[in-house]
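What follows is a short report on a single structure.
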Amino acid sequence: AAERLEANKAEIDKWLAEGMAALKSGDYATAVPYLEKVAEQAPLATVRQNLAYAYKQLGNADKARENMEAAKKIDPNIQTGKSYAQLKGKQINLLAPENGGFILASSGGHMQRLVDGSDYNEIYSNNDFAVWGFKDKHTATFNQFTYLLPGSSNSQFLVVELSYSNDSPIGPFTSIGRFELENALLAETPFQEVNFPAVTAKYFKMQLTEMSPNGNAYEVRLMGELQ
């Protein structure tokens, strides 16, 4: 294995450079094949960790978990949380626990299911809500919310109300808007995108509306940069 690694070093280095460049630019679909090639040849924990991150951003929770477990097996002491300095200024999912996102106020502990990376089908009630803070209590700038819809259904939430605050986790909140998703699986990505003018704030609120008495919801993300 060591001989093969040495013989292919130039090629592995090239794949790694291509994969990391794509990862840093947010092109996760391009990053994955390069990093997979590296992982096949070189048992590196950091490569598996970066693969886990890329798959998570693409909405593939199973592959993300599989690669994170592989990274921990190679290096049990691997650091899974990135520092504020490493994340600052990069386009990330601000709500993800591994990126420092945390729920400060909500209608219940089940709201954590929306950001645990499991794509689990949870039952929610009308007007269920969650308010998130960002890593190390920093402000963040964000302009895109994404919502997982794996297919058409008569029993899932399709309307979300988004708002923000710079005062406290209980508001007052300023509305970003009320958005309705398509009741369908979109071919390019199961995450439907809601884009809006960039907001800089300390707290982000999402509320599920217009299902009675209750319905399903899966996974949500808020894409932006830590300030």
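Note: hydrogens, waters and symmetry copies are ignored here, and every other heavy atom, side chains too, is used.
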Within-4.5 Å side-chain heavy-atom neighbours: [X] and [Y]:
X	Y	value
Ser152	Leu185	no
Leu114	Met206	yes
Met223	Gln91	yes
Tyr53	Leu58	no
Leu162	Phe142	no
Tyr55	Asn67	yes
Leu16	Val47	yes
Pro190	Glu219	no

Taking every non-hydrogen atom, the tightest pair across [X] and [Y]:
X	Y	value
Phe157	Asn214	CE1-C, 4.4 Å
Gln192	Ala184	NE2-O, 3.1 Å
Ala54	Val32	CB-CG2, 3.8 Å
Pro172	Ser165	O-OG, 3.0 Å

Side-chain donor/acceptor of [X] to backbone N/O of [Y], under 3.5 Å:
X	Y	result
Gln49	Lys72	no
Asn93	Leu222	yes
Asn126	Met211	yes
Thr139	Gln227	no

Hydrophobic clusters here meaning ILVMFWY residues chained together by side-chain heavy-atom distances under 4.5 Å, can you tell me if [X] and [Y] are in one?
X	Y	result
Tyr203	Val160	no
Val194	Tyr147	yes
Phe129	Tyr218	no
Val131	Phe102	yes
Trp15	Ile74	no

- Task: Mind running side-chain hydrogen bond (donor to acceptor under 3.5 Å, both in side chains) on Asn127 and Gln207 for me, showing each step along the way?
- Result: CA-CA 6 Å; Asn127 296 321; Gln207 186 164 326; 3.2 Å; yes
- Query: Which pairs, with at least one residue in residues 100-111 and sequence neighbours excluded, count as a side chain to side chain donor-acceptor pair (under 3.5 Å)?
  - Reply: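 Residue pairs with at least one partner in residues 100-111: Ser107-Asp128, His110-Asp128.
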- Can you list every pair that meets salt bridge (charged side-chain N to carboxylate O under 4.0 Å, His left out) and has a residue in residues 188-213, with sequence neighbours left out?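 Those involving residues 188-213 are Arg178-Glu210.
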- Looking at OG of Ser163 and CD1 of Ile176, how far apart are the two atoms once the value is rounded to the nearest 0.5 Å?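 Here the rounded value is 6.5 Å.
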- Query: Can you tell me how far the CG atom of Leu35 sits from the CE atom of Met20, to the nearest 0.5 Å?
  - Reply: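 One gets 7.0 Å once the value is rounded to the nearest 0.5 Å.
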- Determine, step by step, whether Glu36 and Leu51 satisfy the side-chain contact (heavy atoms from CB on, under 4.5 Å) criterion, reporting the C-alpha distance in whole Å, the side-chain angles of both residues, the deciding distance to 0.1 Å, and the verdict. CA-CA 7 Å; Glu36 285 282 17; Leu51 264 171; 3.9 Å; yes
- Task: Give every residue pair that meets the ring-ring contact (aromatic ring centres under 6.0 Å, His included) criterion with at least one member in residues 164-185, sequence neighbours excluded.
- Result: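 Counting only pairs at least two positions apart or across chains, no ring-ring contact (aromatic ring centres under 6.0 Å, His included) contact touches residues 164-185.
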- Start with the C-alpha gap between Leu94 and Asn99, add the side-chain angles, then the distance that decides, and say whether side-chain contact (heavy atoms from CB on, under 4.5 Å) holds. CA-CA 6 Å; Leu94 294 160; Asn99 290 337; over 6 Å; no
- Message: For Tyr84 and His138, take the angle between the two ring planes, folded into 0 to 90°, and tell me which bin it lands in: parallel under 30, tilted 30 to 60, perpendicular over 60.
- Response: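 The rings of Tyr84 and His138 lie parallel, inter-plane angle below 30°.
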- Task: Answer yes when Glu40 and Lys37 have at least one side-chain N-carboxylate O distance shorter than 4.0 Å, and no when they do not.
- Result: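 No.
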- Enclosure of Ile170 CD1 (heavy-atom neighbours >12, cutoff 6.0 Å):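 No, CD1 of Ile170 has 12 or fewer neighbouring heavy atoms, counting only those of other groups under 6.0 Å.
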- Show your working on side-chain contact (heavy atoms from CB on, under 4.5 Å) between Leu87 and Phe134 and close with a plain yes or no. CA-CA 11 Å; Leu87 294 172; Phe134 309 120; over 6 Å; no
- Message: Can you confirm whether the side chains of Gln156 and Asn183 place a donor and an acceptor under 3.5 Å from each other?
- Response: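 Yes - a donor-acceptor pair under 3.5 Å links their side chains.
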- Query: Do Thr200 and Thr141 have a side chain donor and acceptor closer than 3.5 Å?
  - Reply: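 The criterion, which ignores hydrogens and geometry beyond distance, is satisfied for Thr141 and Thr200.
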- Message: Pair Trp132, Leu104 - check side-chain contact (heavy atoms from CB on, under 4.5 Å), show working.
- Response: CA-CA 6 Å; Trp132 284 268; Leu104 287 161; over 6 Å; no
- Task: Taking the six-membered ring of Phe145 (Phe, Tyr or Trp), confirm whether the NZ or CZ of Arg221 is under 6.0 Å from its centre and within 45° of its axis.
- Result: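 So Arg221 doesn't make the cation-pi contact.
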